[in-house]
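From a predicted model like this one, the values you see are computed outputs, not experimental measurements.
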Amino acid sequence: MRPWRQENPQGNPPPPPPPPRREDATMLIPRDRGLHPSVRWPMADPDVLRPYDELATRMLPRVLDAPRTAEPFGDTPPPVTGIEPKTEEKPQSLVKASGRIAIASLISRITGFLWKVMLAWAVGIGVVNDSFNVANTMPNIVFELLLGGVLSSVVVPLLVRSQDDPDGGEAYVQRLMTVASVLLLIGTVIAVAAAPLFTSLYVDKSGQANPDLATAFAYLLLPQIFFYGVFALLSAVLNAKHIFAPAAWAPVVNNLVVIVTIIVVAVMPGEISLDPVKLGDAKLLTLGLGVTAGIVAQAVILVPPLLRTGFRFKWRWGIDKRMKEFGGLAGWILGYVAVSQIGFTINTRVLTSGTQGGVTAYSNAWLLFQLPYGVIGVSLLTAIMPRMSRAAADGDNNKLISDLSYASRLSTVTLVPISAVMTIVGSSIGLALFSIGKGTPESAERLGQALAISAFGLLPYALVMLQLRVFYAMKDARTPTLIMIVMTVAKIPLLYLCPALLDPDHIVLGAMMVNAMTFVVGAILGQVWLWVRLGNLRSKRVLGVILFTLFASVLGVVAAWLVGLVVPSTLGVTIGAWLKLVLQGLVGIGVSFGVLIALKVDELAPVTRRFTRLVKRG
């Protein structure tokens, strides 16, 4: 008789089974699990920095799922156990909070893209928009180099650990805010003074760019550095206290302020002076100061929620020993950011060497490229990251590989059909959104073509972001930086080929192609590197899903193309583009996912479940 079937010799009743453990309610990994406090990934995308978006989504509450059946292909992501809730109501409140924050993230991205479209309507897709976009990236870059990467990789985890201090971490937070505020203030002052130098780094004077206008915008926009830092710090403190909503909704406030600013600029008489450029120009001042005011509002709106927690700030000088403990890791993070900025700088110089509007076309096409990943990738894959961190902390490579395979397949079935349809509707998107107001059909169509060219890089981009997170889960900050170095080394020569081989109008298209190819290189390199570290990654299962999804997506593209043929050309450019966008988008997506359902690709089941729950919670 097996031991577990033997009768109780003492006649005592069997002990009650242990209470079931509920899934961890947040992305914060419990300290007693042995997870290194620096297990985080950089907030910087390789080309565009949006720290407020990343901070608003990095520490989302987990969505607590109902009991789940086995995942497809036998890869069942392991259940995550963690701190048990004190009451039955707490999990429900976290579930609601998770849905609300996902909605906030979606609204933030939509309103952020809306003001970019409105700016094109107000000032066109030309030298003014180019100069603004170049200057508006500078505060993000300096913030990343000063604090952003270190904050995401080192400081945020330490905030969680500081809550074990006798004072609940208040002294640590005060010391952190004191040091960071001084560093940010000094960095901001130096950056504003060095605005002409920044412009010379990013603008190629041999093209049709306007360095003087970019410098004027830089003077007005670089003060954002300080407020980016304040927002990041306050968000981190609130997130460590499990208060997520204010940081999620703050970017929406920022976007609304900018939208109002652009409306004011649009109704103001006259044009922004280009020759000569006048810093006192009313429209230039309104646009620059209004956009900076949006970042100020984004930071200030977090102060009342922080005060309601009982926290009070006071100056406290000195470096906490815990800040020194992970200096080596912080160095690799800064290296990652610095290398990515080398590629971004050269990319911007190449774009400014071409026709006016190249930077704006690239920037807006990149925003459109980011929307599917931001909405679908973040909302659907956030829950898998704590599992990977937990598995890596426990040294369980099988679970880590299972989670990586599952996340890769989930990314494939959701993003490949969308990227395929984007290739067919790219031009229609550009014409529909950017040919209104002062935008011209030629520049709008070029923007749409840039989006269509870049679309095939959507899945490789998502896989690179996923792979980097796996390395950070394994407490490896060096490998992501090395991967970024290889990607940048591959990218730079290809970028310099664009002005040599292409006419000025098509440089932006070449840059978008290079950008997408760089992500392909990064995805292949990351997969090989993980294979060396972990062994068999179950890549055949991922490849099978990719092939099924590609087949379905090709059918969707063909159906969308056929539908586009029936749209009459007599409707006009804008109306025809809108009609094509709606018809081709609906048909392409519908056919693609319909074929996947007919093929019984099981990864769609959790996708539809999560999407349905998200809609219900909204």
Does the [X] side chain pair with the main chain of [Y], one donor and one acceptor, at a distance under 3.5 Å?
X	Y	answer
Asn515	Ala511	no
Ser419	Leu415	yes
Ser405	Ser402	no
Thr111	Ile107	yes

Do [X] and [Y] have side chains that approach each other closer than 4.5 Å (heavy atoms only, starting at C-beta)?
X	Y	answer
Lys491	Met487	no
Pro372	Met422	yes
Arg446	Phe434	no
Leu565	Trp561	yes
Val601	Val413	yes
Ser340	Thr488	no
Leu447	Tyr362	no

Quick one: [atom1] on [X] to [atom2] on [Y], what's the gap to the nearest 0.5 Å?
X	Y	atom1	atom2	value
Gln584	Ile589	CD	CD1	12.0 Å
Asn347	Leu494	CG	CG	11.5 Å
Arg541	Arg538	CZ	CZ	5.5 Å
Thr348	Gln341	OG1	CD	8.5 Å
Leu502	Met513	CG	CE	10.0 Å
Ser411	Met465	OG	CE	11.5 Å

Which atom pair, heavy atoms only, marks the closest approach of [X] to [Y]?
X	Y	answer
Gly588	Val421	C-CG2, 3.7 Å
Ala247	Ser235	CB-OG, 3.6 Å
Ala248	Val252	O-CG2, 4.5 Å
Thr549	Pro417	CG2-CD, 3.7 Å
Ser553	Ser592	CA-OG, 3.7 Å
Ile424	Ala560	CG2-CB, 3.9 Å

Taking CZ in Phe548 as the centre, count heavy atoms belonging to other residues, nucleotides or ligands within less than 6.0 Å. Is the count above 12?
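For Phe548, atom CZ is not crowded (no more than 12 foreign heavy atoms under 6.0 Å).
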
I would like to know whether Trp366 and Met512 meet side chain to side chain contact (heavy atoms under 4.5 Å, CB included); could you show each step before the answer?
CA-CA 9 Å; Trp366 176 260; Met512 268 299 187; 4.3 Å; yes

Validation: residues 518-530 side-chain donor-acceptor distances under 3.5 Å, sequence neighbours left out:
from   : atom 1 : to     : atom 2 : distance (Å)
Thr518 : OG1    : Val514 : O      : 2.8
Gln527 : OE1    : Gln467 : NE2    : 3.3
Gln527 : NE2    : Ser539 : OG     : 3.1

So, Lys116 and Asn133: side-chain donor and acceptor under 3.5 Å apart, yes or no?
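Yes, a side-chain donor-acceptor pair sits under 3.5 Å.
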
Would you list the pairs meeting salt bridge (Lys or Arg N to Asp or Glu O under 4.0 Å) in which at least one residue belongs to residues 515-534, sequence neighbours left out?
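Residue pairs with at least one partner in residues 515-534: Asp476-Arg533.
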
Test side chain to side chain contact (heavy atoms under 4.5 Å, CB included) on Val416 and Leu550; report intermediate values, then the result.
CA-CA 7 Å; Val416 169; Leu550 282 176; 4.0 Å; yes

Audit row: Leu404, Leu466, side chain to side chain contact (heavy atoms under 4.5 Å, CB included) steps and yes/no
CA-CA 8 Å; Leu404 172 62; Leu466 174 63; 3.7 Å; yes

Between Ile453 and Thr423, does a side chain to side chain contact (heavy atoms under 4.5 Å, CB included) hold up when you go through it step by step?
CA-CA 7 Å; Ile453 289 174; Thr423 61; over 6 Å; no

